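Notes follow once the structure below has been shown.
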Amino acid sequence: GAVVSQHPSWVICKSGTSVKIECRSLDFQATTMFWYRQFPKQSLMLMATSNEGSKATYEQGVEKDKFLINHASLTLSTLTVTSAHPEDSSFYICSASPLPRGRGAGANVLTFGAGSRLTVL
Amino acid sequence: GQNIDQPTEMTATEGAIVQINCTYQTSGFNGLFWYQQHAGEAPTFLSYNVLDGLEEKGRFSSFLSRSKGYSYLLLKELQMKDSASYLCAVRRMLFQKLVFGTGTRLLVSP
């Protein structure tokens with residue numbers, strides 16, 4: 001089945017620094033990847049849609065200059081949290097699905113990475 | 001916009017059956033998904049409905065009524081390992097993105 005790899009799993013950084021999180025589709029190509037954020041005991045909030053070869057599409061209320069997304073290839077998207085602050089501490093999860101194969105491709109299920117827990121001191 | 005609502009918490013006993021409801025309001029509906037998430041882990045796919053009716057997969061079943069904007073996930077023969085959060089998610093046709101509901105934390109007790 002489809003596998004999405006996400007690194008790092010854990011990261012602790014000082015306030016004001018930048019942190020990069022990588023999301024890779026290991027056995028399939030993905031023109032689109034999605035980045036979510038999850039606070040404790042809350043559901044997943046979609047942050048942005050990462051599009052290969054073009055600019056990401058951000059959800060309302062998400063600062064594009066703070067959360068930089070780069071989708072340089074069909075298997076890699078990166079999320080950079082710039083000038084991180086303690087309120088950015090969260091669980092960041094990426095997801096992707098294989099390219100649909102023809103009509104009636106069905107569920108086209110999103111597979112999630114294992115997540116990256118960011119703690120900003 | 002879209003609203004996707006689920007009960008916050010539910011409790012049930014091992015061996016029992018539990019139904020987790022999800023109501024949604026959205027335009028351009030293109031499928032409803034159920035995911036399971038254990039604490040600190042990524043969500044894992046459980047079930048998918050795009051047409052009205054019941055989809056059964058082992059101990060898990062999911063139902064959809066598009067006219068009512070309603071779905072439920074049915075878990076049978078509950079096991080302790082089923083204690084987790086269950087997330088209902090709606091996909092919109094135009095953008096293919098998945099938007100999640102509030103999530104339901106299920107606690108299964110002996």
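Small disclaimer: the values here were computed from a predicted structure and weren't measured. Sequence lines set the chain letters: A, B, ... in the order given, protein chains first and strands last, and positions in each chain run from 1.
- Of all heavy-atom pairs between Y35(B) and V109(A), the closest is OH-CG1, 3.7 Å.
- In the hydrophobic cluster analysis, where Ile, Leu, Val, Met, Phe, Trp and Tyr join through side-chain heavy atoms closer than 4.5 angstrom, F39(A) is grouped apart from W10(A).
- When all heavy atoms of Q37(B) and F91(A) are compared, the closest pair comes out as NE2-CE2, 4.3 Å.
- In the hydrophobic clustering of this structure, W34(B) groups with V108(B); members are Ile, Leu, Val, Met, Phe, Trp, Tyr whose side-chain heavy atoms approach within less than 4.5 Å, directly or through other members.
- A continuous path of hydrophobic side-chain contacts links L78(B) to I20(B) [ILVMFWY only; heavy atoms under 4.5 Å].
- Within a 6.0 Å radius of CD in E14(B), more than 12 heavy atoms belonging to other residues, nucleotides or ligands are found.
- Each of A89(B), S85(B), G101(B) has some count of heavy-atom pairs under 4.5 Å with chain A, and the biggest count is that of G101(B).
- M10(B) CE: more than 12 foreign heavy atoms inside a 6.0 Å radius.
- Residues G113(A) and A42(B) share a closest heavy-atom pair of O-CB, 2.7 Å.
- Ranking G31(B), G103(B), G40(B) against chain A, the residue ahead of the rest is G40(B), based on heavy-atom pairs under 4.5 Å.
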Discussion item. Pair V99(B), E59(A) - check side-chain contact (heavy atoms from CB on, under 4.5 Å), show working.
Written reply: CA-CA 11 Å; V99(B) 179; E59(A) 294 298 303; 5.8 Å; no
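- The greatest number of non-hydrogen atom pairs below 4.5 Å with chain B, out of Q6(A), R117(A), Q38(A), is found for Q38(A).
- Taken from NZ in K97(B) to OH in Y36(A), the straight-line distance is 9.0 Å, to the nearest 0.5 Å.
- For Q6(B), no part sits under 4.5 Å from any heavy atom of chain A, backbone or side chain.
- Heavy atoms of L44(A) lying under 4.5 Å from chain B belong to its backbone as well as its side chain.
- The CZ atom of F45(B) sits 11.5 Å away from the OG atom of S97(A) when rounded to the nearest 0.5 Å.
- Around NZ of K14(A), the count of heavy atoms belonging to other residues, nucleotides or ligands within 6.0 Å does not exceed 12.
- The part of L87(B) that comes within reach of chain A is its side chain, from C-beta onward, which places non-hydrogen atoms under 4.5 angstrom from that chain.
- Scanning both residues, L98(B) and L46(A), for their nearest heavy atoms gives O-CD2, 4.3 Å.
- Residues F34(A) and F100(B) share a single hydrophobic cluster, defined by chaining ILVMFWY side chains whose heavy atoms lie under 4.5 Å apart.
- Heavy-atom minimum distance, K41(A) versus R105(B): O-NH1, 3.4 Å.
- Under the 4.5 Å side-chain heavy-atom criterion for Ile, Leu, Val, Met, Phe, Trp and Tyr, M33(A) and V4(A) are members of distinct hydrophobic clusters.
- Taking the side chain as every heavy atom from C-beta outward, P43(B) and I93(A) approach each other to under 4.5 Å.
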